[in-house]
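By convention here, the first residue in the shown sequence is residue 1. Owing to the predicted nature of the structure, the values given are computational and were not obtained by experimental measurement. Any value given below was found using the heavy atoms of this structure, including those in side chains, with hydrogens, waters and symmetry copies removed.
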Amino acid sequence: MPALSNTARMQKIAFFAFRDDETCFVHVLLSVLDFQARGGEAVLVFEGAATRLIPLLAGESHPLHRLYCKAKESASIEGAGLACSRKMGILDAVKQEGLPFLDELNGHPAMSRYTEQGYQVVVM
């Protein structure tokens with residue numbers, strides 16, 4: 001895998017996952033891990049319907065479990081939106097996974113927090 005240029009190496013990307021489509025979500029996981037492997041800084045935020053994926057991904061038999069664990073182990077998963085986790089009925093699953101709840105924007109994670117920290121926000 002080629003390394004990123006010095007300019008790209010300094011970039012920071014926050015991937016906000018909103019969809020609960022596993023076929024789409026695999027690209028979120030792959031992108032986060034690829035960007036990190038190439039020397040970038042990348043984080044993943046679960047929001048909207050994507051929060052429903054957390055208990056599924058935590059299951060050892062799920063096809064994306066290994067990628068999810070890899071992202072979790074690399075500390076790239078920032079957490080899950082509190083309001084959407086509540087709405088989707090998965091508060092306990094998020095707690096069990098040890099993921100923080102993000103709620104600074106009326107129960108939702110604030111994209112502005114990431115842009116203020118120099119992240120480019122990518123919505124997937």
Is there a path of hydrophobic side-chain contacts, each under 4.5 Å between heavy atoms of I/L/V/M/F/W/Y residues, joining [Y] to [X]?
X	Y	answer
Phe35	Phe16	no
Leu53	Met88	yes
Ile54	Leu33	yes
Phe18	Leu44	no
Leu105	Met111	no

Considering all heavy atoms of both residues, which atom of [X] and which atom of [Y] are nearest to each other, and what is their separation?
X	Y	answer
Ala58	Glu97	CB-OE2, 3.2 Å
Ala71	Ser74	O-OG, 2.9 Å
Gly79	Leu99	CA-CB, 4.4 Å
Leu64	Val26	CD2-CG2, 3.5 Å
Ala80	Ser85	CB-OG, 3.6 Å
Asp20	Ala49	CB-O, 3.2 Å

Q. Taking only residues two or more places apart in sequence, or in another chain, which ones meet Glu47 in a salt bridge (charged side-chain N to carboxylate O under 4.0 Å, His left out)?
A.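 Listed in chain order: nothing, the list is empty.
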Q: Please say whether more than 12 non-hydrogen atoms of neighbouring residues, nucleotides or ligands are located less than 6.0 Å from NZ in Lys87.
A: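 It does not: Lys87 NZ has 12 such atoms or fewer within range.
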Review item, side-chain donor-acceptor pairs of residues 114-124, under 3.5 Å, at least two apart:
unit_1: Tyr114; atom_1: OH; unit_2: Glu78; atom_2: OE1; d: 2.9
unit_1: Thr115; atom_1: OG1; unit_2: Ser112; atom_2: O; d: 3.0
unit_1: Tyr119; atom_1: OH; unit_2: Glu41; atom_2: OE2; d: 2.6

Tell me, do [X] and [Y] make a side-chain contact under 4.5 Å, heavy atoms counted?
X	Y	value
Leu67	Leu57	no
Asp103	Pro109	no
Ile77	Val43	no
Thr51	Val94	no
Asp92	Gln96	no

Q. Is the distance between the ring centroids of Phe46 and Phe25 less than 6.0 Å?
A.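 Ring centres of Phe25 and Phe46 closer than 6.0 Å.
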Q: Apply ring pair (Phe, Tyr, Trp, His ring centres under 6.0 Å) to Phe101 and list each qualifying residue two or more places apart in sequence or on a separate chain.
A: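 Testing Phe101 for ring pair (Phe, Tyr, Trp, His ring centres under 6.0 Å), a comparison that skips the adjacent residues, returns none.
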Q: State whether a side-chain donor-acceptor pair under 3.5 Å links Glu73 with Tyr68.
A: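 Absent: no donor and acceptor within the cut-off.
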Q) Hey, mind stepping through Leu91 and Leu82 against side chain to side chain contact (heavy atoms under 4.5 Å, CB included) and telling me if it holds? A) CA-CA 8 Å; Leu91 286 172; Leu82 176 62; 3.7 Å; yes
